[in-house]
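Worksheet for the structure shown next.
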Amino acid sequence: MGPVGVFGGTFDPIHYGHLRSAYELLQDLALGEVRFMPCGIPPHRHQPIADGALRLAMVRAAVADQPGFVVDDRELHRAGPSYSVDTLAALREEMPDRPLCLLLGMDAFLGLPKWHRWREILQLAHVVVAHRPGWRAPDMGALGDLLAERGTARVDDLHRAAGGAIHVHAVTQLEISSTEVRALIRAGRDPRYLMPDAVGRIITASGCYAESDAHEHASRN
Ligand code: ATP
């Protein structure tokens with residue numbers, strides 16, 4: 001059984017940038033599975049536009065056909081902010097010896113030192129950083145030091161230990177963001193080919209982003 005990849009996000013909505021990265025990591029790192037975990041209340045950013053049930057439905061629809069992709073909705077059921085350290089601690093209790101890999105885009109990795117009890121994350125899991133367009137790996141500061149100390153180019157290292165390593169991995173660069181997808185929908189355009197059609201159908205049926213303008217501006221200001 002290969003490592004469990006833990007892929008958290010707001011997924012507001014999920015798109016091919018998420019899905020292609022996860023798929024390449026599943027294959028390249030020989031992960032046993034990738035667990036998509038939509039967060040409840042994200043602690044580090046503006047609140048989601050679509051509610052948790054809809055974001056979960058979109059993630060489920062997006063991954064339904066792919067063996068090795070699974071959805072874990074535990075963060076949506078937890079009261080208070082969704083801290084990755086709590087999620088990883090819970091997974092570690094369920095799987096004491098299995099390697100866990102927290103999967104992050106480079107933008108998310110650069111924000112890691114602001115996360116709740118972030119240094120404990122590497123005691124619970126490996127961190128795998130997918131290159132995202134426009135972001136460079138840090139070579140200074142707390143993350144630069146951590147990369148120098150814990151960084152590994154070897155995929156084997158992610159299988160041999162249960163956690164503790166950082167692996168930066170190049171994935172096909174798709175410059176898609178949920179923010180841009182929502183803006184496009186608000187402008188009355190069709191997001192087709194930025195995400196699976198099944199996700200697009202949920203967006204159309206629910207109208208969840210069509211009238212998000214006022215709400216989105218209010219939550220950002
Ligand atoms: P937003 O535009 O609202 O910030 P997002 O598109 O970045 O959203 P999130 O749900 O916040 O999506 O991202 C979850 C995870 O997916 C993060 O680790 C992020 O770095 C990664 N990610 C998002 N978009 C891409 C992409 N195009 N390619 C690779 N990774 C991505």
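One-based numbering, in listed order, for ligands and for the atoms of each.
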> With backbone taken as N, CA, C and O and side chain as the heavy atoms from C-beta onward, which portion of Glu175 lies under 4.0 Å from ligand 1: side chain, backbone, both, or neither?
Replying inline: neither

> Just by distance, do the side chain of Arg192 and the backbone of Gly200 share a donor-acceptor pair under 3.5 Å?
Replying inline: no

>> Taking distance alone, with N or O pairs closer than 3.5 Å, would you say Glu180 contacts ligand 1?
In response: no

>> Can you confirm, on distance only, whether ligand 1 has an N/O atom lying under 3.5 Å from any N/O atom belonging to Phe11?
In response: yes

>> So for Asp12, does at least one of its heavy atoms come nearer than 4.0 angstrom to any atom of ligand 1?
In response: no

> Taking both backbone and side-chain atoms of His18, is any N or O found less than 3.5 Å from an N or O belonging to ligand 1?
Replying inline: yes

>> List ligand 1 atoms under 4.0 Å from Gly8, heavy atoms only on the residue side.
In response: 14 (C), 15 (C)

> Residues two or more places apart in sequence or in another chain: which of them pass side chain to side chain donor-acceptor pair (under 3.5 Å) with Asp157?
Replying inline: Thr152, Arg160

> Can a non-hydrogen atom of Tyr16 be found less than 4.0 Å from any atom of ligand 1?
Replying inline: no

> Among Pro48, Ser177, Ser178, Gly105, which one has a heavy atom closest to atom 17 (C) of ligand 1?
Replying inline: Gly105

> Which is closest to atom 19 (C) of ligand 1 in terms of heavy atoms, Asp107, Leu104, Val181?
Replying inline: Asp107

> Non-hydrogen atoms of Arg182 versus ligand 1: any pair closer than 4.0 Å?
Replying inline: yes

> What is the distance from atom NE2 of His159 to atom CZ of Arg98, rounded to the nearest 0.5 Å?
Replying inline: 10.5 Å

> Using 30° and 60° as the class limits, which term best fits the ring planes of Phe36 and Phe11: parallel, tilted or perpendicular?
Replying inline: tilted

>> Nearest 0.5 angstrom please: Arg74 CZ to Thr87 OG1, how far?
In response: 7.0 Å

>> Using heavy atoms and a 4.0 Å limit, tell me yes or no: is Ser21 in contact with ligand 1?
In response: yes

> Can you find an N/O atom of Ile176 closer than 3.5 Å to an N/O atom of ligand 1?
Replying inline: yes

>> Quick check on Gln27: does its CD atom have over 12 non-hydrogen neighbours (other residues, nucleotides or ligands) under 6.0 Å away?
In response: yes

> Which of the atoms in ligand 1, numbered in the order shown and given with their element, are less than 4.0 Å from a heavy-atom of Gly9?
Replying inline: 10 (O), 14 (C)

> Can any side-chain N or O of Glu24 pair as donor or acceptor with the backbone N or O of Thr172 at less than 3.5 Å?
Replying inline: yes

> Does His131 have a non-hydrogen atom less than 4.0 Å from ligand 1?
Replying inline: no

> By number and element, which atoms of ligand 1 are closer than 4.0 Å to a non-hydrogen atom of Thr179?
Replying inline: 1 (P), 2 (O), 3 (O), 4 (O)

>> Under 4.0 Å from a heavy atom of Thr10: which atoms of ligand 1 are those, numbered in the order shown and with their elements?
In response: 9 (P), 10 (O), 11 (O)

> Angle class for the His169/His167 ring planes (parallel below 30°, perpendicular above 60°, tilted otherwise)?
Replying inline: tilted

> Going by distance only, is there an N or O of Leu174 that falls short of 3.5 Å from an N or O of ligand 1?
Replying inline: yes

